[in-house]
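Fair warning: this is a prediction, and the values are worked out from it, not measured in the lab. Whatever order the structure lists ligands and atoms in, that order sets their numbers, starting from 1.
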Amino acid sequence: MDTEQLMMKKSLYEGETWLGKPPEIEESRIEKTMEADVVVVGAGLAGVAAARAAAELGSTVLLLEKCEAPQARSGDFAVMDSRVADVWGRRDVDKVQIVNDLMRDMAYKVSQNILRRWAEEAGEAFDWYLEGYPDIPVLKTTAEVPPEGTKCWIQPRRCPAPESFENGTERFKCYQTTAWVRPTHIPVFQGNVQMLMQTGLAQCLFSAPVVKLLREKDGRVQGAVAQVGQDRYIKALARKGVVLSTGDYMSNAEMLRRFCPGMADTPQLWLGRDKNHSPSNTGDGHRMGMWIGAKLQDSPHAPCAHHMGSVFGASGFVLLNTRGLRFVNEDAPGQQIGSQIENLPDKTAWQFVDSNWPEQVRRVHPN
Ligand SMILES: Cc1cc2nc3c(=O)[nH]c(=O)nc-3n(C[C@H](O)[C@H](O)[C@H](O)COP(=O)(O)OP(=O)(O)OC[C@H]3O[C@@H](n4cnc5c(N)ncnc54)[C@H](O)[C@@H]3O)c2cc1C
């Protein structure tokens, strides 16, 4: 595609209300200009990791975050080739096969290069991230109890696997590559923030949403403008570069309807909130990037959905729609089952279990 065609695609969205326009800010409203080698916009997992990596390489960093503190959630991590995989004796997974399977699952809509890089480097990155909590216990089975007093620990899922389990014969392959940081990885995350601050090269501004990026026409991105109070702003200039890590747009109803319509009516679970208690994931980075010339990936976008089946999760019990008909192979993984439920007109399904469920469910969730 040549540049002209690309520009035409970009202008596809022009005039749509979700895109908005960069705010006009009078110079008199800018109370100071700050400078760093690297300006990082958004202190989630990606932003904190980028900031720590840059600072450890000797760059000064200015981290700008919309909420009152850095934000993280959840607990499942891919650990191919990490030291955790060593503890579990699971180093020999076939990463090419994993990438191929995932590409097929995602209908080849994602970038294979990015996915491959994830498969190649996730283990090393996870080990690096664990430096934030170096003594974290790594348990050997799903049922093992963690040592008393530990803030968090790592547990394998479905380990040991049921005796009858043979991945080669599974219709939906299940690679034993997930580390479950329980009850949450927040202590590890906080350790990473501490490591960043200990470099002495970082400065963080909280409750400082970035409202626009600065770029000279066709030149490099020079920095950002962040709001630090009622009609008060700072300019953050970056000598080396700006990292845009503002997360997703699940709490922006207009963007959701435009690019992920299937998710528009789905209840959303979001924990990151700013000081006004508004959800922080409103697609600011997508819009700010586009205002200065970035191209948004064509829709449909991947939803950040977390509705893994029902109360029994994605366990292989019979699922019926509200007309009493089966609509999916219940052996499919949770995200895929969730997508199929999303496709139903009323987004509703019934899961049927019989009196033997306590025995059956144990085969899926050993603890
Ligand atoms: C309930 C739930 C459970 C999940 N569980 C898992 C899991 O087990 N494993 C897994 O791999 N993934 C999981 N995910 C997905 C995972 O949370 C995200 O992929 C990950 O957090 C993305 O990191 P990020 O740093 O890119 O974005 P985020 O974590 O969203 O961080 C973005 C940051 O940017 C800030 N920000 C936004 N706009 C601005 C602005 N204008 N100026 C300054 N700052 C701004 C936000 O406040 C936030 O701190 C889960 C998601 C949810 C919702």
Side-chain angles (χ1 to χ4, degrees), residues 20 22-23 39-53 62-80 102 110 114-115 118-119 122-123 125-126 129 152 154-155 157 177-186 188-190 192-193 196 204-213 223-228 233-234 236 242-252 255-256 260 263 266-291 301-308 313 334-335 338:
V39 171
V40 179
V41 184
L45 200 51
V48 166
R52 189 192 134 195
L62 178 57
L63 182 55
L64 302 167
E65 166 57 43
K66 190 180 193 176
C67 298
E68 292 171 293
Q71 300 296 309
R73 65 206 68 81
S74 69
D76 275 319
F77 288 81
V79 295
M80 289 88 78
L102 286 173
V110 294
I114 295 177
L115 194 63
W118 163 78
F126 187 60
Y129 180 61
C152 63
I154 297 178
Q155 201 132 26
R157 283 195 185 269
T177 55
T178 306
W180 194 12
V181 187
R182 299 183 73 186
T184 154
H185 69 103
I186 302 291
V188 187
F189 181 68
Q190 287 165 340
N192 274 267
V193 176
L196 164 67
C204 304
L205 294 189
F206 296 108
S207 294
V210 167
V211 293
K212 67 174 174 183
L213 301 169
V225 176
Q227 184 161 11
V228 290
Y233 301 87
I234 61 127
V242 176
V243 176
L244 193 54
S245 46
T246 50
D248 69 281
Y249 59 74
M250 278 292 280
S251 296
N252 182 323
M255 285 185 78
L256 209 54
C260 239
M263 290 302 296
T266 301
Q268 284 139 38
L269 173 61
W270 188 255
L271 310 172
R273 289 179 182 270
D274 67 15
K275 67 173 182 206
N276 303 316
H277 213 62
S278 302
S280 64
N281 59 336
T282 43
D284 303 5
H286 301 70
R287 287 176 292 127
M288 292 190 293
M290 289 177 78
W291 294 339
H301 294 173
C304 176
H306 256 71
H307 45 64
M308 304 294 191
Q335 190 68 64

Note: heavy atom closest to atom 5 (N) of ligand 1, options Ala72, Ser74, Gly42, Ala50, belongs to Ser74
Closest to atom 49 (O) of ligand 1 (heavy atoms only, candidates Arg287, Met250, Glu65) is Glu65
Here the atoms of ligand 1 under 4.0 Å from any heavy atom belonging to Gln71 are 49 (O)
If we number the atoms of ligand 1 from 1 as shown, the ones under 4.0 Å from a heavy atom of Gly247 are 27 (O), 30 (O), 32 (C)
Subject >> Check: Arg73 side chain, Gly272 main-chain N or O, donor-acceptor pair, under 3.5 Å >> reply: no
Contact region, Ala78 to ligand 1, non-hydrogen atoms below 4.0 Å, reads neither
Checking heavy atoms under 4.0 Å, the part of Asp76 that sits near ligand 1 is both
Is it the case that the side chains of Ser251 and Asn281 hold a donor-acceptor pair, with the cut-off being a distance below 3.5 Å and no angle test? yes
Look only at interatomic distance and state if [X] has a nitrogen or oxygen under 3.5 Å from any nitrogen or oxygen of ligand 1.
X: Val210; answer: yes
X: Lys66; answer: yes
X: Pro209; answer: no

**Q.** Within-shell test, Cys67 vs ligand 1, heavy atom, strictly < 4.0 Å
**A.** yes
Taking only non-hydrogen atoms of Leu64, do any sit less than 4.0 angstrom from ligand 1?
yes
_A side-chain contact here means heavy atoms from C-beta on lying under 4.5 Å apart; do Val210 and Asp284 qualify?_
no
